[in-house]
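All remarks here apply to the structure that follows.
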Amino acid sequence: MAVTGILLVLFLIAHMLGNLKIFTGATAFNHYAGWLREIGAPLLPSTGFLWLQRVGLLVAVLLHIWAATVLALRARAARPVRYAHRKKIQGSYAARTMRWGGVIILLFVVYHILDLTTGTLNPVGDSTRPYANVVADFAPGRWYVTLFYTLAIVALGFHLRHGVFSALRSLGQQTPRGEQRARAVALVFAVALCVGYLLVPFAVLTGLVS
């Protein structure tokens, strides 16, 4: 769970930084997207690196889901008989929504691939014009796409906040002060990543990027 989580977080950071290049203009953004397709050339064929990355991410996601399922089953097996009376646990909202948040993220990833990777659901759908694809995707008339994107990113933020906090606790932040630090780091990281991802759709929606 931890290893696959780290791999996915590193990808999220890199992907967010790449998305923010849209603020440098259409030419620079399109050039960046083209560069991604040619990484490793001539050793790798065109888009070869992207396909290696996609396969690696798919494996990481599947292993992450598998690990989560195994841990949930182990937790249930450890207490086969339910408590006769169980008080409410004052856990964080992120912890209580970890599972359904993961489902929302998974559904969004499927939509995101069909939208901006294959172009199937994109109004432009031209792989040679990534800037135009993004602008068309989050245009004011398609506010529902921006809304879905926002909900998915917020779910991702809750997921990351709890995941990063749990990881830091596992790494030794067990004292009361260490717990406070872990909560602060997890919150700042989750908020920063969410803001970074939401800047692009809202910039298009408001006309800052067009």
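Within the 4.5 Å cutoff, the side chain of Arg161 has no heavy atoms near those of the Phe189 side chain. Leu44 places none of its side-chain heavy atoms less than 4.5 Å from the side chain of Trp51. In this structure the side chain of Leu20 reaches within 4.5 angstrom of the side chain of Leu199, judged on heavy atoms. Between Arg54 and Thr117 the shortest side-chain heavy-atom distance falls below 4.5 Å. Within the 4.5 Å cutoff, the side chain of Met1 has no heavy atoms near those of the Ser166 side chain.
Ring orientation note: the planes of Phe11 and His15 are close to parallel, at an angle under 30° on the 30°/60° scale.
One finds the OG1 atom of Thr118 at 8.0 Å from the CG atom of Asp115 (value rounded to the nearest 0.5 Å). In this structure, Phe148 CZ and His112 NE2 are separated by 11.0 Å, a value rounded to the nearest 0.5 Å. Of the inter-residue distances, the one linking Leu121 atom CG with Ile113 atom CD1 reads 11.5 Å to the nearest 0.5 angstrom. Atoms CG and NE2, from Leu7 and His64 in turn, are 10.5 Å apart once rounded to the nearest 0.5 Å. Taking CG of Leu168 as the reference point, atom CD of Glu179 lies at 11.5 Å (rounded to 0.5 Å). Distance check, rounded to the nearest 0.5 Å: CG of Leu114 to OG1 of Thr120 gives 5.5 Å.
By the neighbour-count criterion of 12 heavy atoms within 6.0 Å, atom NE2 of His31 is sparsely surrounded, having that number or fewer from other residues, nucleotides or ligands. Summarising the local packing, CZ of Arg129 is surrounded by 12 or fewer heavy atoms from other residues, nucleotides or ligands at distances under 6.0 Å.
Taking the six-membered ring wherever Trp is involved, the centroid distance between the rings of Tyr149 and Phe108 falls below 6.0 Å.
Under the 4.5 Å side-chain heavy-atom criterion for ILVMFWY residues, no single connected hydrophobic cluster contains both Ile6 and Phe165. Cluster annotation: Ile22 is connected to Leu208 through the hydrophobic network of ILVMFWY side chains, with a link wherever side-chain heavy atoms come within less than 4.5 Å. Each of Leu62 and Leu106 belongs to its own hydrophobic cluster when Ile, Leu, Val, Met, Phe, Trp and Tyr are linked at side-chain heavy-atom distances under 4.5 angstrom. Both Tyr144 and Phe202 are members of a single hydrophobic cluster when ILVMFWY side chains are connected at heavy-atom separations under 4.5 Å. A single hydrophobic cluster is seen to contain both Val134 and Phe23, as judged by linkage of ILVMFWY side chains at heavy-atom distances under 4.5 Å, directly or through other members.
When all heavy atoms of Thr146 and Pro201 are compared, the closest pair comes out as CG2-CB, 4.1 Å. A pairwise comparison of heavy atoms in Leu8 and Ala60 identifies CD2-CB, 4.0 Å as the closest pair. Closest approach of Ala190 to Leu160, counting heavy atoms only: CB-CB, 4.4 Å. Taking all atoms of both residues into account, the shortest heavy-atom contact from Cys194 to Ile153 is SG-O, 3.4 Å. Considering every non-hydrogen atom in both Leu63 and Thr4, the closest pair reads CB-CG2, 3.7 Å. Of all the heavy atoms in Tyr131 and Ala26, the pair that sits closest is CD1-CA, 3.3 Å.
With hydrogens and angles ignored, the 3.5 Å screen pairs no side-chain donor or acceptor of Arg37 with any backbone N or O of Ser46. No side-chain donor-acceptor contact under 3.5 Å links Asp126 to the backbone of Asn133. Thr47 places no side-chain N or O within donor-acceptor distance of the main-chain N or O of Leu50, the cut-off being under 3.5 Å. Of the possible polar contacts, one joining the Tyr197 side chain to the Leu12 backbone as a donor-acceptor pair under 3.5 Å is found.
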